[in-house]
Amino acid sequence: METLETSAGTIAYDARGEGETIVMMPAGAHSRRDYDELRDQLPPRFRTIAIDWPGHGDSPPPDSPGHGDSRAAGYSAMRFADIAEEVVAQLAPQGAVVLGNSVGGFAAARLALRRPELVRGLVVVDGGGFAGRPLQARLFCALMARPWFLRRIYPSFSKQYMRPRSEADRRARAAAIATTRGEPGLSVVCGLWRSFASPEHDLRADAGDITTPTLLIWGRRDPVITLKVGRRAAELIPGSRLAVLDAGHVPHASDPAGFAAELVPFVEAAFAAAEPVTPAASGPDDAAGAVRP
């Protein structure tokens with residue numbers, strides 16, 4: 001494990017392999033270990049970096065003292081997106097394929113909008129920001145923003161959205177429950193849920209401005225951010241492709257081999273498309289400024 005200093009404090013991450021970089025961001029309440037089995041499926045020619053959000057996994061609490069303090073509770077999807085920008089800018093300043101699940105998907109998509117030079121390819125996995133803000137969703141977010149309710153419901157709620165079937169699923173679910181059992185994770189996750197109902201979390205109006213090559217990977221059985229939302233995102237993001245796996249909200253843990261089969265060719269194509277054109281060697285018969293096709 002390594003650490004990185006950001007405006008939110010210290011962020012824990014680990015890096016594997018050498019070569020073109022993939023930055024992986026987990027869902028809220030989840031940790032970077034959600035990606036362990038997927039990373040085992042990827043060729044070593046890729047450098048993978050997986051992070052823990054503030055107050056999650058091995059990242060320490062947000063820089064503020066006290067139990068349930070206002071700063072921890074004030075964390076939001078938009079704040080996580082700011083952190084994602086700092087992480088990618090520091091660890092992959094030449095650009096990376098940026099992959100995010102749930103709130104991580106929102107952060108990745110917003111990064112592609114704000115700093116497209118940092119995003120060689122965008123992978124949104126059951127991502128937030130494309131569902132709209134219907135009344136029913138806003139009411140549920142308001143309930144999930146209450147610590148007593150979130151702590152009580154999370155064991156059953158996580159079983160519903162994970163649809164666990166693998167050991168990786170069970171490990172990811174256990175870690176998410178542990179994050180929401182106490183501080184600072186409980187307050188941070190409540191802050192995330194509060195922010196999901198805000199207008200700033202809605203990317204639909206801007207999604208058409210994403211120019212980065214985009215792959216959407218969705219779990220067919222996700223009851224929280226449903227496949228219908230994935231199809232809507234695919235319609236909104238120009239040139240994007242939607243791949244569907246038989247999984248819940250965290251398909252990279254449920255089906256790492258199937259996920260890798262979609263991800264590897266996309267990453268290879270994204271980096272190939274981003275390679276600069278090399279000037280041809282000039283000769284007496286070459287036109288000035290000629291380039292190789």
Side-chain angles (χ1 to χ4, degrees), residues 22-30 34-43 46 48 50 77 97-110 112 119-132 134 137 157-173 176 196 201-204 207-208 210 212-270 273:
I22 309 171
V23 176
M24 299 175 166
M25 301 179 291
H30 286 249
D34 282 14
Y35 292 106
D36 282 358
E37 283 73 15
L38 171 62
R39 296 169 83 185
D40 290 341
Q41 297 282 333
L42 300 180
F46 296 146
T48 61
V97 167
V98 182
L99 183 159
N101 177 211
S102 196
V103 69
F106 167 82
R110 202 186 75 158
V119 185
R120 301 289 188 91
L122 170 63
V123 184
V124 176
V125 185
D126 294 67
F130 303 99
F157 178 65
S158 59
K159 186 175 182 179
Q160 288 298 313
Y161 75 74
M162 286 287 301
R163 305 293 173 95
R165 65 184 189 189
S166 69
E167 184 58 35
D169 282 331
R170 288 185 282 274
R171 185 191 68 235
R173 176 174 175 247
F196 293 157
H201 186 250
D202 190 344
L203 294 174
R204 292 174 300 166
I210 294 175
T212 302
T214 300
L215 173 64
L216 306 163
I217 302 182
W218 236 262
R220 187 189 314 277
R221 297 183 293 140
D222 185 349
V224 179
I225 306 180
T226 65
L227 181 55
K228 180 180 179 181
V229 177
R231 292 192 175 109
R232 183 182 306 154
E235 293 172 355
L236 291 171
I237 301 174
S240 61
R241 184 174 72 84
L242 174 64
V244 181
L245 299 181
D246 185 27
H249 190 63
V250 191
H252 42 286
S254 301
D255 185 7
F259 197 103
E262 299 290 347
L263 180 63
V264 170
F266 172 80
V267 173
E268 292 174 336

Heavy atoms only: give me the nearest [X]-[Y] pair and the separation to one decimal.
| X | Y | answer |
| --- | --- | --- |
| G132 | D202 | CA-OD2, 4.2 Å |
| S166 | S254 | OG-CA, 4.0 Å |
| L203 | G128 | CD1-O, 4.3 Å |
| V125 | N101 | O-ND2, 2.9 Å |
| A77 | V103 | CB-CG2, 3.7 Å |
| G208 | P238 | O-CG, 3.4 Å |

Run the side-chain contact (heavy atoms from CB on, under 4.5 Å) check on F259 and L99 step by step: do they pass? CA-CA 12 Å; F259 197 103; L99 183 159; 3.9 Å; yes
What distance do [X] atom [atom1] and [Y] atom [atom2] have between them, rounded to the nearest 0.5 Å?
| X | Y | atom1 | atom2 | answer |
| --- | --- | --- | --- | --- |
| H252 | I217 | NE2 | CD1 | 9.5 Å |
| T214 | I237 | OG1 | CD1 | 5.0 Å |
| L122 | I210 | CG | CD1 | 5.5 Å |
| K228 | D222 | NZ | CG | 14.5 Å |
| R232 | F130 | CZ | CZ | 10.5 Å |

Determine, step by step, whether H30 and V250 satisfy the side-chain contact (heavy atoms from CB on, under 4.5 Å) criterion, reporting the C-alpha distance in whole Å, the side-chain angles of both residues, the deciding distance to 0.1 Å, and the verdict. CA-CA 10 Å; H30 286 249; V250 191; 4.0 Å; yes
Do the charged groups of [X] and [Y] touch, with an N to O distance under 4.0 Å?
| X | Y | result |
| --- | --- | --- |
| R170 | E167 | yes |
| R204 | E235 | no |
| R39 | D34 | no |

Could you check whether any side-chain heavy atom of [X] comes within less than 4.5 Å of a side-chain heavy atom of [Y], counting everything from C-beta outward?
| X | Y | result |
| --- | --- | --- |
| W218 | P251 | no |
| M25 | V98 | yes |
| D40 | P256 | no |
| M24 | I22 | yes |
| I225 | F106 | no |
| L242 | L227 | yes |
| R221 | H249 | no |
| S102 | D126 | no |

Taking S240 for its side chain and A234 for its backbone only, find out whether a donor-acceptor pair lies under 3.5 Å.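 Answer holds: yes.
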Which residues pass the side-chain contact (heavy atoms from CB on, under 4.5 Å) test with A260, sequence neighbours left out?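 A260 satisfies side-chain contact (heavy atoms from CB on, under 4.5 Å) with L38, Q41, L42 only.
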Could you list the residues that satisfy side-chain contact (heavy atoms from CB on, under 4.5 Å) with P265, not counting sequence neighbours?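 If we apply the side-chain contact (heavy atoms from CB on, under 4.5 Å) test to P265, skipping adjacent residues, there are no hits.
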Which residues share a salt bridge (charged side-chain N to carboxylate O under 4.0 Å, His left out) with R110, sequence neighbours left out: D82
By salt bridge (charged side-chain N to carboxylate O under 4.0 Å, His left out), which residues pair with R220, not counting sequence neighbours?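 Applying salt bridge (charged side-chain N to carboxylate O under 4.0 Å, His left out) to R220 gives none.
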Results of side-chain hydrogen bond (donor to acceptor under 3.5 Å, both in side chains) for S158 - residues two or more places apart only: R173
With sequence neighbours left out, what residues match R163 under side-chain hydrogen bond (donor to acceptor under 3.5 Å, both in side chains)? none
For the pair F46 and V97, evaluate side-chain contact (heavy atoms from CB on, under 4.5 Å) and give the outcome as yes or no after the intermediate values. CA-CA 10 Å; F46 296 146; V97 167; over 6 Å; no
